[in-house]
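This report concerns only the one structure given below.
These values consider heavy atoms only, across backbone and side chains, with no hydrogens, waters or symmetry-generated copies.
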Amino acid sequence: MTTASSWITPSTRTELIEGLVSGVDRYNPSNISILEDYLYHQIRTEEYDCLANLAILKLYQFNPHLYNPDVVINILLKALTACPLPDFNLCISLLDERPINATLDEPDPLPSILPILKGLHDLLYRCRFPSFWEIYRSEQLEALRDNYTVECVGFEDAIRSVVVRAVEVTFTRISINRLGTYLDLTGKALEVYIQKLGWSIDSSCSVVNIPPNPDNQIEATVVQESIKLPQLTKVISNAVKV
């Protein structure tokens with residue numbers, strides 16, 4: 001689970017990137033190539049640094065001639081894997097109306113892909129996991145898979161981690177078939193994945209048992225307050241005056 005401190009300063013962030021993200025150099029356009037290289041490092045290594053990626057989008061906002069649509073799409077894909085954190089919406093907020101960049105060699109793919117990514121994010125945020133996988137696997141998104149997510153190492157497993165976080169705070173038991181539709185896994189691959197999570201399978205009824213945690217356990221909370229009569233004297237006297 002991502003903590004506030006690890007979100008602000010990931011353990012994998014180098015001193016160089018820390019200086020670019022936290023200092024005044026954050027707004028220096030000459031550093032854009034360093035930040036873009038760091039993004040592709042994240043894509044190759046399954047690391048993630050939201051603030052560094054937001055710094056790229058901010059530089060694009062101030063310097064439209066630097067805009068690279070492939071970089072933006074990869075940033076949004078990484079932000080998808082952080083759902084339900086607000087990362088995706090933070091990125092979207094920096095994609096304002098941009099003038100047409102005449103220096104692009106090919107048509108800008110972002111206008112056609114952005115609505116698709118927004119739809120996928122909406123499904124993830126609302127925990128509509130089977131629908132997410134159905135659309136993600138569709139022929140319509142073949143270009144997205146072939147050109148982008150295939151390069152993003154561990155993308156599908158990162159999405160499954162989003163599913164796991166939602167399931168473990170909601171269920172104590174869930175049918176293996178239902179869980180399979182959430183994870184887009186079946187058969188042996190599903191069983192291996194469940195075992196890796198440390199969850200157990202009750203083969204007699206095809207149910208997966210999820211270990212207890214503070215979020216999936218219902219416990220009654222009794223709140224007791226001790227108020228002495230002298231503490232109420234002022235309140236009572238004021239009530240009488242009224």
Side-chain angles (χ1 to χ4, degrees), residues 1-98 101 104 108-125 132 136 141 144-145 147-162 165:
M1 189 69 178
T2 302
T3 62
S5 59
S6 64
W7 187 87
I8 294 171
T9 310
S11 60
T12 54
R13 183 189 293 166
T14 64
E15 290 186 14
L16 172 62
I17 300 300
E18 177 65 28
L20 296 183
V21 171
S22 303
V24 293
D25 275 343
R26 176 187 181 93
Y27 301 103
N28 186 344
S30 63
N31 293 323
I32 189 66
S33 60
I34 299 174
L35 291 170
E36 288 176 342
D37 287 343
Y38 180 48
L39 168 66
Y40 285 109
H41 170 76
Q42 295 172 52
I43 289 172
R44 292 190 301 268
T45 60
E46 300 185 57
E47 296 175 8
Y48 179 57
D49 190 334
C50 182
L51 291 185
N53 297 341
L54 289 173
I56 295 175
L57 297 180
K58 179 60 73 174
L59 284 172
Y60 286 170
Q61 196 176 44
F62 290 157
N63 308 273
H65 64 283
L66 297 175
Y67 167 70
N68 184 330
D70 290 335
V71 169
V72 174
I73 292 169
N74 279 306
I75 287 175
L76 293 176
L77 287 174
K78 293 296 288 185
L80 270 182
T81 65
C83 193
L85 295 178
D87 300 29
F88 188 86
N89 288 331
L90 288 173
C91 293
I92 293 295
S93 69
L94 294 177
L95 300 179
D96 56 359
E97 295 289 335
R98 298 180 311 278
N101 189 343
L104 292 178
D108 187 346
L110 184 61
S112 60
I113 290 179
L114 185 56
I116 294 172
L117 294 179
K118 285 182 177 180
L120 291 175
H121 173 262
D122 182 61
L123 291 172
L124 278 181
Y125 190 78
F132 171 90
Y136 175 73
L141 269 64
L144 178 68
R145 296 193 303 273
N147 297 327
Y148 294 100
T149 61
V150 70
E151 301 291 338
C152 189
V153 175
F155 175 78
E156 294 180 6
D157 279 340
I159 295 297
R160 292 187 179 101
S161 294
V162 173
R165 288 194 292 269

Exercise for review: Mind running side-chain contact (heavy atoms from CB on, under 4.5 Å) on L16 and Y38 for me, showing each step along the way?
Suggested key: CA-CA 10 Å; L16 172 62; Y38 180 48; over 6 Å; no

Check your understanding: Would you say the side chains of Y48 and N53 form a donor-acceptor pair under 3.5 Å?
Key -> no

Give a yes or no answer on whether the side chain of [X] reaches the backbone of [Y] with a donor-acceptor pair at less than 3.5 Å.
{"X": "N31", "Y": "D25", "value": "yes"}
{"X": "N68", "Y": "D70", "value": "yes"}
{"X": "K78", "Y": "C152", "value": "no"}
{"X": "Q42", "Y": "D49", "value": "yes"}
{"X": "D122", "Y": "K118", "value": "no"}

For residues [X] and [Y], report the shortest heavy-atom separation together with the two atoms involved.
{"X": "P115", "Y": "S112", "result": "CD-O, 3.6 Å"}
{"X": "E46", "Y": "V153", "result": "CG-O, 3.2 Å"}
{"X": "A52", "Y": "L35", "result": "O-CD2, 4.3 Å"}
{"X": "R13", "Y": "I8", "result": "NH2-O, 2.8 Å"}
{"X": "T81", "Y": "R165", "result": "O-NH2, 3.5 Å"}
{"X": "L94", "Y": "K58", "result": "CD2-NZ, 3.7 Å"}

Got [X] and [Y] here, is their nearest side-chain heavy-atom distance under 4.5 Å?
{"X": "T45", "Y": "T12", "answer": "no"}
{"X": "L76", "Y": "L114", "answer": "yes"}
{"X": "C50", "Y": "W7", "answer": "yes"}
{"X": "I73", "Y": "L77", "answer": "yes"}
{"X": "Y148", "Y": "P109", "answer": "yes"}
{"X": "I92", "Y": "L95", "answer": "yes"}

Enter the distance from [X]:[atom1] to [Y]:[atom2] here, rounded to the nearest 0.5 Å.
{"X": "I17", "Y": "L39", "atom1": "CD1", "atom2": "CG", "value": "10.5 Å"}
{"X": "I159", "Y": "E156", "atom1": "CD1", "atom2": "CD", "value": "9.0 Å"}
{"X": "L117", "Y": "I75", "atom1": "CG", "atom2": "CD1", "value": "12.0 Å"}
{"X": "L141", "Y": "N147", "atom1": "CG", "atom2": "CG", "value": "11.5 Å"}
{"X": "D37", "Y": "I32", "atom1": "CG", "atom2": "CD1", "value": "10.0 Å"}
{"X": "L144", "Y": "I116", "atom1": "CG", "atom2": "CD1", "value": "6.5 Å"}

Check your understanding: Listed by chain and number, what are the salt bridge (charged side-chain N to carboxylate O under 4.0 Å, His left out) partners of D87, not counting sequence neighbours?
Key -> none

Check your understanding: Under the salt bridge (charged side-chain N to carboxylate O under 4.0 Å, His left out) test, which residues partner R26, sequence neighbours left out?
Key -> none

Check your understanding: In terms of ring plane angle, is the pair Y136 and F155 parallel, tilted or perpendicular, where the classes change at 30° and 60°?
Key -> tilted

Practice item. Please step through side-chain contact (heavy atoms from CB on, under 4.5 Å) for the pair D108 and Y67, ending with a clear verdict. Key: CA-CA 10 Å; D108 187 346; Y67 167 70; 2.7 Å; yes

